[in-house]
Amino acid sequence: MLNDAFFQVLREAGDLMLSYENLSIHWKDGHANFVTEADEAVQSFLQERLHALLPSAAFLGEEGGKTILTDELTIIVDPIDGTTNYYRNRCASAISVGITAEKKPVAGMVLDPYRQRIYHAEKGCGAYCNDAPIHVSDFPMERALIEFGSSPYRTELNALTGLSVAALLPRTADLRRSGSAALDLCNVACGISEGLFEWDLQPWDHCAASVIVEEAGGRCGCITGGDAVYDHSIPFVAGNAICFEPLRELLNGLWITHHP
Ligand code: IPD
């Protein structure tokens, strides 16, 4: 399904993203949740150009244009994952394009425009960074670097996030908080970290990268049990094949005793 035409659209979207200076921003809801004019422009660009490549597919994007997920092909886009990093010039944001069929991701592309890397995967075909195959690591929990998201738009989850970090620090090598879930997941897929969790993560943040992690030999799911779903936000966890279950179990234990 993914071919050079998709990668070309993604590269052009990346050029558009990096072309902005003196960004105008507006707040969506909450003090930490805002959108820049670049998020909106990149989403419109992707919607139009991807529709030309997959005319039968529905479109679901972070910045409006949301649709109800059906069994049909659906393109799920985060035009800029890591908007805060982008707005603050931290060079750690990505463009994320996932494709679902029967409500499950079947293909995903994540562009890191700063490093000119396209992470991509299709179900059953392996995972790649540009042309090179990528694989998760085989590190166990005690050697693991675990990425996490802080659910910045859900302040009632702050304490649970803090408890999770405190519980994981003594059981792992260390934790990381980058500000882009899509890039965190690609790090897991490349074997330079071993897991990611976030207590409330939206489908456009993890859809594309989930295929990449799974095709690289890792696992993704809902912390409280079962597979990830893509029609609403979930407590999300991913990991290499060794760390996934212990990470999920530890987090689920915290959920049972401490959820708000
Ligand atoms: C955010 C990033 C961040 C995660 C947030 C997401 P956005 O994406 O992925 O790492 O912690 O929950 O919302 O809002 O910048 O597209």
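Computed from a prediction, not measured in an experiment: that's the story for all the values here.
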Looking at S151, is its backbone amide N or carbonyl O close enough to the side chain of E198 to form a donor-acceptor pair, meaning the two atoms are under 3.5 Å apart? yes
Output the distance between atom CD (E147) and atom CG (D174), rounded to the nearest 0.5 Å. 10.5 Å
E48, CD atom: more than 12 neighbouring heavy atoms under 6.0 Å: no
How far does CG of L169 sit from CD1 of I146, to the nearest 0.5 angstrom? 10.5 Å
Looking at D81 and D78, would you say the former's side chain and the latter's main chain have a donor-acceptor pair under 3.5 Å? no
Is any side-chain heavy atom of V97 closer than 4.5 Å to one of L10? yes
For Q202, does its backbone N or O pair with a side-chain atom of S233 as donor and acceptor, under 3.5 Å? no
Looking only at non-hydrogen atoms, find the nearest pair between L254 and S164 and report the distance. CD1-CA, 3.6 Å
We want to know whether S150 and W199 form a side-chain donor-acceptor pair, criterion being a heavy-atom distance below 3.5 angstrom. no
Nearest atoms (heavy-atom pairs only) where G14 meets P113: CA-CB, 4.2 Å
Rounded to the nearest 0.5 angstrom, the OG1-CD distance for T83 and E62 is 5.5 Å
Heavy-atom pair of closest approach, residues A189 and A216: O-CB, 3.5 Å
Counting C-beta onward and ignoring hydrogens, is there a side-chain heavy-atom pair between I76 and L69 closer than 4.5 Å? yes
Short question: side chain of Y153, backbone of D200 - any donor-acceptor pair under 3.5 Å? no
Does I212 reach the side chain of V188, with side-chain heavy atoms less than 4.5 Å apart? no
Decide whether N240 and S137 meet the rule of one side-chain donor and one side-chain acceptor closer than 3.5 Å. yes
Any non-hydrogen side-chain atom of F197 less than 4.5 Å from a side-chain atom of L168? yes
Between atom CE of M141 and atom CZ of F244, what is the distance when rounded to the nearest 0.5 Å? 11.5 Å
Does E194 pair with R143 as a salt bridge, N-O distance under 4.0 Å? no
With a 4.5 Å cut-off on side-chain heavy atoms, are I95 and V110 touching? no
Beyond-backbone contact of F59 with T74, side-chain heavy atoms, under 4.5 angstrom: no
For residues Q8 and E12, is any side-chain donor paired with an opposing acceptor at under 3.5 Å? yes
Kindly say whether M1 contributes a backbone atom to a donor-acceptor pair with the side chain of E122 at under 3.5 angstrom? yes
In terms of heavy-atom contacts, does CD of E72 have more than 12 from other residues, nucleotides or ligands at under 6.0 Å? no
Please check if the side chain of E215 supplies one atom and the backbone of G126 the other of a donor-acceptor pair under 3.5 Å. yes
Can the ring centroids of H120 and F6 be said to lie less than 6.0 angstrom from one another? no
Closest non-hydrogen atoms of L247 and A238, given as atom of the first, atom of the second and distance, are CD2-O, 3.6 Å
For R117, is there any backbone N or O sitting under 3.5 Å from a side-chain donor or acceptor partner on N130? no
Working for side-chain hydrogen bond (donor to acceptor under 3.5 Å, both in side chains), residues N252 and T224: CA-CA 5 Å; N252 191 38; T224 49; 5.4 Å; no
Atom pair OH/SG of Y128 and C190 - distance to nearest 0.5 Å: 13.5 Å
Taking the side chain as C-beta and beyond, is there a heavy-atom pair between Y230 and H206 under 4.5 Å? yes
Check D231 with K103, please: is the shortest side-chain N to carboxylate O separation under 4.0 Å? no
Would you say that more than 12 heavy atoms from the other residues, nucleotides or ligands in this model lie under 6.0 Å from the CZ of R177, or not? yes
Return yes when atom OH of Y87 has more than 12 non-hydrogen atoms of other residues, nucleotides or ligands closer than 6.0 Å, and no otherwise. no
Heavy-atom closest contact (A92 atom, L183 atom, distance): C-CD1, 3.8 Å
Ion pair E142/R171, N-O distance below 4.0 Å: no
Ignoring hydrogens and geometry beyond distance, is a side-chain donor-acceptor pair present between D39 and T36 at under 3.5 Å? yes
d(I234 CD1, C222 SG) to nearest 0.5 Å is 5.0 Å
Correct closest heavy-atom pair for S180 and N85 would be N-ND2, 4.3 Å
Any side-chain heavy-atom pair from L60 and W204 closer than 4.5 angstrom? yes
E102/K104 ion pair, N-O < 4.0 Å: no
